[in-house]
Amino acid sequence: MSAPTRTVDLTRVVAELRRSLPGWLAGRRWYAGKQGEGQHPPPVEPVLADLLHPGDPALVQLVVRAGRRGHEEWYQVLVGVGRETAGAPAGDTLIGRVPEPDGPGLLLYEATADPRLMSRLLARLAARDTDGQVECHRPAGAEFPLGLPARVITAEQSNTSVAFGDRLMLKVLRRLVPGPHPELELLTALERDGDVPSARPLAWMRTTDAFPAGPTTLAVLQEFVPSRGDGWSLATAQAAECVGGDCASVAPLGGFAEESRALGRATARVHTALARQLGSRELGPEEARALAAELTGRLEQALEEVPELLPYARQLRTLHQDLPELAGRGHRPLVQRVHGDLHLGQVLRAPHGWVLIDFEGEPGHPLEERRRPRPAVRDVAAMLRSFDYAAHHALFEVLGGPSARRGGRPARRAAAWAVHNRRAFSEGYAEAGGADPRRSPVLLRAFEADKAVYEAVYEARNRPDWLPIPLAAIRRLVHERPSAA
Ligand SMILES: Nc1ncnc2c1ncn2[C@@H]1O[C@H](COP(=O)(O)OP(=O)(O)O)[C@@H](O)[C@H]1O
Ligand SMILES: O=P(O)(O)O[C@H]1O[C@H](CO)[C@@H](O[C@H]2O[C@H](CO)[C@@H](O)[C@H](O)[C@H]2O)[C@H](O)[C@H]1O
């Protein structure tokens, strides 16, 4: 690393961050900070501050603890520290300023937006640096190029991803969870298995055992998957054409069905590989009761937060009641590690087929729940929900917004598009050796409802205009007889 011309005074930088971060964090999409409600902005306490690169600009890795004791959350912020003369960082990447008596002050800014600093971080991963409170790991044989241009991915995310050319993707984790990181665990298992549509993990960074909460993953580097786009952009573009009236000009109901079928096949291959590498077993009666209790617990919490769910409360509760009985019968469902947050935004259409990404699970759920073996049909149910979302989104586009009056031919075409693609996905899944989801209707419906309840909470918090999408699904699920598509 280049020798510093002037040393950054880490103590002064941390003092300024202590002051300016709470306000800045409150505006980040990835910052949940629920415990701070009622006191604005919520207090945060730096628990790790490492000077990763001492030059100008310097790079500081910061972990802060937010919230009351016993309800702590940990967040990571990578802070660039540069002389004011070096050109001000744009808009909301600016976190704070440290004035200096003998010259221009220091700007503190979001370092993921600075390609120079991201290249430093990459070099550190490549070198397996283990200075300070953070260790870098790179498995033998995992080689990657340095010197590629870095760019931050602008999509709204739970974390922050930085691409290096079209070769590497670095996921900087934001809300940190002590313990094994599910994405790293699952990508490693899939790589071990070999022929599966997933990105190879290349390196990662974690705190040392000295970190107060225990070893915690901070960032994961993986292969970049070149693609034509993600499933959400491809599916919604195609669904909008169909809902707008052009279904007949292409294959039945709009021509996405072959893609949906291929996606079902890719999902089944991932499930088979995860079961092969990390095991699978029957869902025992005790576990089935625990599963039913977990779904009910989540529902009860959601009911407190989203009053729009209340009219369906009683019927939703009954969907969980059959689960324990199911596990008592001859054909007990198998459980295994699953993706955990599968939707059309989590799949990329690479030239050779679909690739699944983001194996972190639902970021809002505790780690222990996210790592628990589940019936694989849980992922299937989540993807089926996503086809439903894509159809509604297309309908919003055609009608001019979520609050436009629905009904009529576009609404019928949207519903038909969803049914058709959901069916194609389930067929593809069964073709590639996955257990046919249509043969587990009770489980499928319980998981679809659970996902829709999770989505209702997610939408109420983040995109209230979209709340009608999961609510419509819940209405359908509580009234229909259980079926796959
Ligand atoms: N390995 C990869 N190759 C190419 N693009 C990727 C890769 N991983 C993620 N992306 C892109 O970055 C976006 C965010 O990644 P994701 O893992 O979903 O982050 P988050 O956990 O923050 O939701 C994805 O929607 C995708 O466009
Ligand atoms: O940020 P993540 O990708 O981990 O997932 C969260 O955000 C998703 C939205 O970006 C949310 O997904 C819901 O909306 C999608 C359309 O935007 C839709 O395709 C999904 O089916 C629907 O669940 C996801 O639930 C949430 O965890």
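The first residue of the sequence shown is numbered 1, and numbering continues consecutively from there. Whatever order the structure lists them in is the order used to number ligands and atoms, beginning at 1.
Counting heavy atoms closer than 4.0 Å to ligand 1, residue Glu183 contributes nothing at all. At a heavy-atom distance under 4.0 Å, only side-chain atoms of Leu348, from C-beta outward, approach ligand 1. Residue contacts with ligand 1 for Ile357 involve side-chain atoms from C-beta outward but no N, CA, C or O (heavy atoms, distance under 4.0 Å).
With contacts defined as side-chain heavy-atom distances shorter than 4.5 Å, the pair Val77/Leu21 qualifies. When side chains are defined from C-beta on, Tyr389 does not count as touching Thr236, because their heavy atoms never get closer than 4.5 Å.
Counting heavy atoms only, Tyr458 comes closest to atom 7 (O) of ligand 2 of the residues Trp30, Phe387, Tyr458. With Asp358, Val347, Asp230 as candidates, the residue nearest to atom 23 (O) of ligand 1 on a non-hydrogen basis is Asp358. Closest to atom 15 (C) of ligand 2 by heavy atom, among Arg463, Arg29, Gln346, His365, is Arg463.
Annotation for ligand 2: atoms under 4.0 Å from non-hydrogen atoms of Ser158 are 1 (O), 2 (P), 4 (O). Heavy-atom contacts of Lys451 reach the following atoms of ligand 2: 23 (O), 25 (O) (cutoff under 4.0 Å). Applying the 4.0 Å criterion to heavy atoms of Ser386 picks out, from ligand 2, the atoms 18 (C), 19 (O), 20 (C), 21 (O). Shown in contact with Asp341 at under 4.0 Å from a heavy atom are these atoms of ligand 2, numbered in order with element: 2 (P), 4 (O), 5 (O), 27 (O).
Arg28 forms no cation-pi arrangement with Trp30, by the criterion of a distance under 6.0 Å to the ring centre and an angle within 45° of the ring axis.
Under the side chain to side chain contact (heavy atoms under 4.5 Å, CB included) rule, Trp204 has a single partner from Leu170, Leu173, Leu184, which is Leu184.
Geometrically, ligand 2 and Glu362 share no nitrogen or oxygen pair separated by less than 3.5 Å. At least one N/O-N/O distance between Ser158 and ligand 1 falls below 3.5 Å. The shortest N or O to N or O distance between Tyr389 and ligand 2 is not below 3.5 Å.
The environment of Arg167 atom CZ is sparse: at most 12 non-hydrogen atoms of other residues, nucleotides or ligands sit within 6.0 angstrom.
A donor and an acceptor atom, one from each side chain of Ser158 and Arg174, are nowhere located under 3.5 Å apart.
Listed by first and then second residue, the side chain to side chain donor-acceptor pair (under 3.5 Å) pairs involving residues 291-303 are Glu294-Arg298, Glu294-Arg372, Glu294-Arg374, Thr296-His320, Arg298-Glu369, Arg298-Asp450, Glu300-Arg317 (not counting sequence neighbours).
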